[in-house]
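To start, the structure itself, in structure tokens.
Order of the sequence lines fixes the chain letters, A, B, ..., with proteins taken first and strands second; residue numbering starts at 1 for each chain. Computed from heavy atoms alone, side chains included, the values below leave out hydrogens, waters and symmetry copies.
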Amino acid sequence: MSDPKSKEVPLMEKITSLCKRRGFIFQSSEIYGGIGGFWDYGPLGADLKRNLREAWWRTMTREREDVLGLDASIIMHPAIWKASGHVDTFADLMRECMLTNKRVRADHVEPQDGTVLHYEGAEAPNGWKMSRPFHALLRKGEHIESFRKRVRTLLRLNAGEAAGDVESIVLLGEAKSETLEATVDFHPETSGGLTDAKPFNLMLSTLVGPTATEENRAYLRPETAQAIFVQFKNVFDSSRVKIPFGICQIGKAFRNEVTPKNYTFRSREFEQMELEFFIAPDEAIRLVHGSVAVWSEGADLSTPQPNWGWQMWHRYWVDQRTKFYATIGLGPDVLDYYWQTSADLAHYARACVDILFKFPFGTEELEGIAARGNFDLTQHQVHSGKSLEVFDDELRTAAAALSDAEKEAFTDTVIKEWVADYTAKGKSEVEARTAAIPFCEKLLKGNYLPHVIEPSAGLDRLALAVLSLAYTEEEKTDVNGKKEQRTLMKIHPSIAPIKCGVFPLLKNRPELVNKAREVYALLKKHFNCFYDESAAIGRRYARQDEVGTPYGVTIDFETLGEKGPELADTVTVRERDSGAQERVKIADLPAYLLARLA
RNA sequence: GCGGGCAUAGCUUAGUGGUAAAGUUCCAGCCUUCCAAGCUGGCCAUGCGGGUUCGAUUCCCGCUGCCCGCUCCA
């Protein structure tokens with residue numbers, strides 16, 4: 001802190017600098033000038049990611065009986081992205097407003113009436129200048145002065161601080177031209193002129209096969225989830241599972257982001273860890289169990305119950321995922337939750353909560369947990385023409401036990417509920433009925449399309465969260481009494497890339513070196529270790545602190561028995577965060593450390 | 001995609017129209033009985049491409065990348 005400059009360096013820069021210096025993260029293709037939005041993980045980053053990936057996989061599937069794994073291809077049939085809606089939302093022709101660069105779908109421009117005003121550019125007395133000509137629409141009935149003010153405001157919005165005060169912006173070379181009726185060449189909100197329509201596809205694509213023509217266009221998956229939906233039936237039929245169960249997958253996904261930013265937080269190639277947990281529709285639960293457990297504050301989420309509806313399952317997974325984060329060091333103090341409001345929600349989602357992490361650049365999403373109904377399976381069923389319904393014998397039996405009158409009453413209730421739900425969303429009663437009746441018919445025979453709860457996490461974001469949380473600076477005094485800064489990465493031991501450093505106290509004593517080599521050979525069978533004999537012992541500790549190694553083992557003269565037989569074959573174990581030391585017998589070392597690395 | 005800023009060694013910085021300096025890291029050797037010690041030696045840089053110039057790291061243009069603000073984030 002004695003150096004005022006060190007305060008000025010933003011935290012994020014310090015973290016990225018350390019990540020490069022020590023081999024966590026490198027810019028992709030760096031020697032060729034880099035490529036925007038892509039990152040490589042160096043040796044330590046690769047191990048950190050591997051540990052995170054394994055922790056997730058272990059928690060989500062190996063330790064559970066009701067979740068199975070999947071590893072699907074990155075490139076899939078293009079129709080999948082049509083069915084999922086990605087082609088439509090990602091690949092539209094877009095036009096851009098000249099004033100604000102706001103994009104709008106080319107086919108979504110409302111006709112407007114007004115007079116076109118052209119400008120050669122704009123400038124401000126502080127030296128800011130925009131030399132690009134632009135035009136905008138003076139709307140019918142709009143006062144010219146309020147129009148000019150509006151244009152200045154929009155320009156300022158786009159230009160940012162550099163343009164200075166809104167009032168000081170000068171519009172250059174104003175010229176009126178034609179008056180238009182029902183024109184679609186102006187942005188509906190800003191009335192700024194629109195650029196020509198350009199395809200704006202957020203999916204990365206490639207051409208599959210030798211001919212490489214447009215009909216061979218295929219996409220790199222923009223999310224891993226769709227593969228799970230598409231293979232749902234295969235997994236279900238081959239794995240002897242029953243609803244409720246889940247399928248999880250870890251893999252790369254690709255998005256042609258407009259603006260990759262915040263280091264690895266938003267990149268164009270990234271790794272997702274997703275679970276699709278399939279559950280019965282609430283109506284089926286009610287049929288079998290008489291009623292559906294509804295969530296209320298303080299409800300017991302520890303053990304899933306047969307009568308849980310989607311709400312309980314959704315809450316359950318939020319709870320499970322929160323517990324997972326705690327095991328890798330991301331406790332409640334660094335996490336936050338955002339429950340999407342009905343306005344935020346995608347039309348097919350019933351609920352969605354974002355688990356947020358307090359990154360140095362702001363509180364941002366780490367994971368989204370959505371209750372998606374049966375939207376995805378419905379889409380794939382419709383588009384593929386293949387049934388994705390499951391048969392539930394328990395449900396069929398329960399339905400068979402009902403009298404005809406009871407069945408009718410059940411159907412009536414469902415219809416009433418669906419009508420209420422549909423009309424609340426602005427849809428017609430007829431629509432509700434035509435959907436509800438066949439649904440009930442099938443349900444009473446034991447068939448339905450499962451609903452889904454989707455916890456979807458970003459591995460790269462998680463790694464970045466771990467790194468930013470771990471970064472710690474401490475002030476310390478060196479042997480000369482000089483104050484200096486100690487940088488350490490307080491990475492949770494369970495995910496630290498290197499678990500233990502092994503050091504001979506001095507390197508010019510063969511007895512120490514040989515013994516240290518022995519200890520290293522012993523430990524590296526159990527976990528990732530690092531052997532280091534160069535430089536003073538303090539420096540070696542510091543090096544390991546900076547990469548988050550939780551333990552260091554030093555072979556000293558006590559180990560050799562020179563300080564008495566009772567200390568022979570014991571070593572010093574140093575803990576990273578506290579610097580505390582403990583003597584441990586070499587024979588006990590693996591167990592001692594393994595217990596602390598869990 | 002728009003606007004602004006930045007680009008010199010692994011890192012942090014200095015400097016210059018005439019062959020680029022330092023600290024630190026790193027490597028090697030010596031030394032060293034627990035927290036970046038010391039000594040000696042060593043490696044390593046002007047993002048890329050044009051232009052102006054006898055000569056460009058320096059001035060100009062373009063590109064790329066990074067950062068900030070907007071936009072985007074299904």
Item checked: Distance (rounded to the nearest 0.5 Å) between A:L505 CG and A:T559 OG1 -> 8.5 Å
Margin query: When the P atoms of B:rC26 and B:rG51 are compared, how many Å lie between them, rounded to an integer?
Written below: 43 Å
Check: In whole angstroms, how far is the P atom of B:rU24 from the CG atom of A:L18?
Finding: 19 Å
Notebook entry, point to check: Expressed in whole Å, how much space separates the C1' atoms belonging to B:rA14 and B:rU57?
Noted result: 13 Å
Notebook entry, point to check: Which word best sums up how the rings of A:F278 and A:F232 line up, parallel for under 30°, tilted for 30 to 60°, or perpendicular for over 60°?
Noted result: tilted
Item checked: Value in whole Å for how far the P atom of B:rA36 lies from CD of A:Q485 -> 14 Å
Margin query: With rounding to the closest Å, how many angstrom separate the C1' atoms on B:rC66 and B:rC48?
Written below: 15 Å
Notebook entry, point to check: Is the distance from OP1 or OP2 of B:rC68 to the nearest side-chain N or O of A:N262 less than 4.0 Å?
Noted result: yes
Next item on the list: Please work out if A:E223 contacts a base, only the sugar-phosphate, or nothing of the nucleic acid, heavy-atom cut-off 4.0 Å.
Entry: base
Checklist line | For atom CG of A:L506 and atom C1' of B:rC31, their distance in whole Å | finding: 10 Å
Note to self: Does B:rC11 have OP1 or OP2 under 4.0 Å away from a side-chain N or O of A:K20?
What the structure shows: yes
Note to self: If I take atom OH in residue A:Y263 and atom P in nucleotide B:rC67, what distance separates them, rounded to the nearest angstrom?
What the structure shows: 10 Å
Note to self: Below the 4.0 Å mark, does B:rC31 have OP1 or OP2 next to a side-chain nitrogen or oxygen of A:K507?
What the structure shows: no
Margin query: Going by purine N1 to pyrimidine N3 plus the second Watson-Crick contact, or the G-U wobble pair, all under 3.5 Å, which nucleotide sits opposite B:rA20?
Written below: none
Item checked: A:K490 side chain vs A:L469 backbone, donor-acceptor pair below 3.5 Å -> no
Check: Quick one: which of B:rG10, B:rC34, B:rU12 gets closest to the side chain of A:D556?
Finding: B:rC34
Notebook entry, point to check: Minimum heavy-atom separation for A:L70 to A:Q231, with atom names?
Noted result: CD2-CB, 4.3 Å
Check: Can you find a side chain N or O atom of A:R543 that sits less than 4.0 Å from OP1 or OP2 on B:rC26?
Finding: yes
Notebook entry, point to check: Has A:K476 got a side-chain N or O lying under 4.0 Å from the OP1 or OP2 atom of B:rA36?
Noted result: yes
Checklist line | Interatomic distance, A:E30 CD vs B:rC66 C1' [rounded to whole Å] | finding: 11 Å
Note to self: Using whole Å, what does the distance between atom C1' of nucleotide B:rC66 and atom CZ of A:F26 come to?
What the structure shows: 17 Å
Checklist line | Interatomic distance at P, B:rG29 relative to B:rG50, whole Å | finding: 44 Å
Checklist line | Atom C1', compared across B:rA45 and B:rA22: separation rounded to whole Å | finding: 13 Å
Checklist line | Euclidean distance for P, B:rC63 against B:rA9 (whole angstrom) | finding: 24 Å
Notebook entry, point to check: With a non-hydrogen cut-off below 4.0 angstrom, is A:T554 in contact with a base, only sugar-phosphate, or nothing?
Noted result: base
Check: How would you label the contact of A:G37 with the nucleic acid (heavy atoms, under 4.0 Å): base, sugar-phosphate, or nothing?
Finding: sugar-phosphate
Checklist line | A:K261 NZ to B:rG65 C1', straight-line distance once rounded to whole Å | finding: 17 Å
Item checked: Nearest-Å distance once atom P is located in both B:rU46 and B:rU40 -> 29 Å
Next item on the list: Would you classify A:Q581 as touching base, sugar-phosphate or nothing, given that sugar-phosphate means primed atoms plus P, OP1 and OP2, and contacts are heavy atoms under 4.0 Å?
Entry: base
Check: In terms of ring plane angle, is the pair A:W39 and A:Y263 parallel, tilted or perpendicular, where the classes change at 30° and 60°?
Finding: perpendicular
Notebook entry, point to check: Quick one: A:D545 CG to B:rC35 P, roughly how many Å, whole number?
Noted result: 13 Å
Check: Any side-chain N or O of A:R539 under 4.0 Å from OP1/OP2 of B:rA37?
Finding: yes
Next item on the list: Name the nucleic acid region contacted by A:G36, choosing base, sugar-phosphate or nothing; use a 4.0 angstrom heavy-atom cut-off, strictly under.
Entry: sugar-phosphate
Notebook entry, point to check: Shortest non-hydrogen contact from A:A225 to A:E454?
Noted result: CB-OE2, 3.5 Å
Note to self: Please give the distance between the C1' atoms of B:rG65 and B:rG49 as a whole number of Å.
What the structure shows: 15 Å
Next item on the list: Determine if A:F557 stacks with B:rU33; use a centre-to-centre distance below 5.5 Å and an interplanar angle below 30° as the criteria.
Entry: yes
Margin query: For A:F359 and A:F357: C-alpha separation, side-chain torsions, deciding distance, then whether ring-ring contact (aromatic ring centres under 6.0 Å, His included) applies.
Written below: CA-CA 6 Å; A:F359 285 97; A:F357 175 79; 4.8 Å; yes
